[in-house]
Amino acid sequence: MASQVWRSWRIIFLVVAALPTPQVMGATQIINIGSIAVHPVDEIKRFWPLTSYLAKHLQPDGIKEGKIVVVKSIPEMADFMRQGKVDLFIDSPFPAMAVSRLSDSKFLLRRWKKGMVDYRAVIFVRKDSGISQLEDLKGKIIAFEEPFSTSTYFLPKLVMVEKGLKLVHKRAASYPVSPDEVGYVFVGNDPNAMFWVLKGRAAAGVMNNQNYLKEARGYLETLKIIYETFSIPRQIVCYRADLDPKLAARIKEILVTMDQSEEGRKVLKDFEGTTKFDEISDQAMLSLSKLQKFIDTELGIK
């Protein structure tokens, strides 16, 4: 079933945003930053502040342009990194580790997205649902967000499988679910997950802990959390395996010092409220190591 999910995303598209070059100086060197998303225009807006900042500060190193490359799936992103079409990839742990597994890309730094150094998934239900533990979800539907999301798909699925539950993807919530399985559907975003649970279209939903607190305002008397996963880094910065080590070191230096200048702090804020980039701690690496075997299973790698 996992392989079918990946194949369903094989339609690829590429969106490029180029930083204007003040003057033409022979062959142009480009820094390509990749992202996986369904809506490319929104993704370009999100990544543009960081892309333009990096291109500007890498000019002494021969970089003259910055481009944003958006694709729809993990396999495409891995292909692009192997082919040298993407230099940096920034995402949550599941897609970052999956792309690394498929392309041999390397971890560079940790990103504090929206002020969060790490996060966890919460599984929630209606208080009147009669559901109090994961085991009670057998024969019911749970709403996940997207098949490449860490906190709203992979992490909760991982813990449920670890607890012996059989998860089966359903094309729609109306599809039958047998008593020994938990059916899951993808609903696209957090508001939809909240709506599906509140309206009874799904027995349970999943969000990261921060988004749940925001989306559940006004519904705290109606909803309850039945499970919280362990915490993992919010986002990871990766670079392609054959990137020039000197350039990788310069990129790392620029990113980790961004929060030390007024210009850098403004760009970080504009980049989805990022606080800073820093080294991936040993504790964070330990939590990431828990995901590896499940990532191989999800990708169909033996």
Side-chain angles (χ1 to χ4, degrees), residues 1-10 34-38 43 46 70-81 86 88-114 116-123 142-163 165 167 169 184-190 193 205-212 227-239 272 280 283-301:
M1 182 59 66
S3 61
Q4 293 176 1
V5 173
W6 297 127
R7 284 196 295 272
S8 70
W9 288 89
R10 293 300 295 183
S35 183
I36 300 171
V38 176
E43 204 68 2
R46 279 193 283 269
V70 183
V71 299
K72 275 190 174 180
S73 75
I74 286 172
E76 272 82 21
M77 182 55 66
D79 287 343
F80 270 44
M81 295 199 83
V86 169
L88 296 180
F89 174 55
I90 306 173
D91 214 316
S92 60
F94 172 40
M97 294 180 72
V99 168
S100 178
R101 184 72 171 88
L102 294 172
S103 70
D104 292 325
S105 59
K106 310 300 180 184
F107 287 0
L108 186 67
L109 292 169
R110 176 174 59 179
R111 175 191 174 198
W112 293 48
K113 181 180 177 181
K114 296 182 179 178
M116 297 173 67
V117 62
D118 55 28
Y119 67 166
R120 59 190 180 276
V122 299
I123 300 174
I142 185 170
F144 291 142
E145 183 180 333
E146 298 168 320
F148 47 77
S149 170
T150 298
S151 63
T152 59
Y153 170 59
F154 185 72
L155 191 53
K157 181 179 179 181
L158 180 158
V159 297
M160 294 174 74
V161 170
E162 278 191 324
K163 291 186 175 297
L165 296 176
L167 274 77
H169 180 229
Y184 66 89
V185 293
F186 294 112
V187 297
N189 56 47
D190 290 333
V206 183
M207 293 184 194
N208 73 53
N209 53 304
Q210 185 181 54
N211 287 352
Y212 177 78
Y227 194 86
E228 297 190 36
T229 69
F230 57 89
S231 296
I232 54 176
R234 185 64 181 86
Q235 286 211 327
I236 302 293
V237 182
C238 305
Y239 64 97
E272 298 182 289
I280 305 173
Q283 182 178 358
M285 287 302 300
L286 181 61
S287 68
L288 291 174
S289 68
K290 299 178 183 178
L291 309 182
Q292 191 59 64
K293 69 176 182 179
F294 290 94
I295 285 174
D296 287 356
T297 299
E298 196 73 12
L299 295 175
I301 298 173

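Only this structure's heavy atoms are used, side chains among them; waters, hydrogens and symmetry mates stay out.
Legend: residues meeting ring-ring contact (aromatic ring centres under 6.0 Å, His included) with F154, ordered by chain and number and at least two apart, are F94. Partners of N209 according to the side chain to side chain donor-acceptor pair (under 3.5 Å) rule, which considers only residues two or more places apart in sequence or in another chain, do not exist here. Partners of S149 under the side chain to side chain donor-acceptor pair (under 3.5 Å) rule, at least two apart in sequence or in another chain, are T152. Here E43 pairs with R46 under the salt bridge (Lys or Arg N to Asp or Glu O under 4.0 Å) rule; sequence neighbours left out. Contacts of R110 classified as salt bridge (Lys or Arg N to Asp or Glu O under 4.0 Å), with partners at least two apart in sequence or in another chain: D278. Annotation: side chain to side chain donor-acceptor pair (under 3.5 Å) contacts of D118 (sequence neighbours excluded): none. The side chain to side chain contact (heavy atoms under 4.5 Å, CB included) search around T229 returns R120, A121, L155, V159, Y227, not counting sequence neighbours. Under the rule for a ring-ring contact (aromatic ring centres under 6.0 Å, His included), the partners of F144 that lie at least two apart in sequence or sit in another chain are Y153, Y184. Considering only residues two or more places apart in sequence or on other chains, A96 meets the side chain to side chain contact (heavy atoms under 4.5 Å, CB included) condition with I236, C238.
Using a 4.5 Å cut-off on side-chain heavy atoms (C-beta onward), V117 and P233 make no contact. The closest side-chain heavy-atom distance from F107 to V237 is not below 4.5 Å.
Contacts classified as salt bridge (Lys or Arg N to Asp or Glu O under 4.0 Å) and involving residues 94-107 (residues at least two apart or in different chains) are given here: R101-D296. Each salt bridge (Lys or Arg N to Asp or Glu O under 4.0 Å) pair with one or both residues in residues 91-100, not counting sequence neighbours, would appear here, but there are none.
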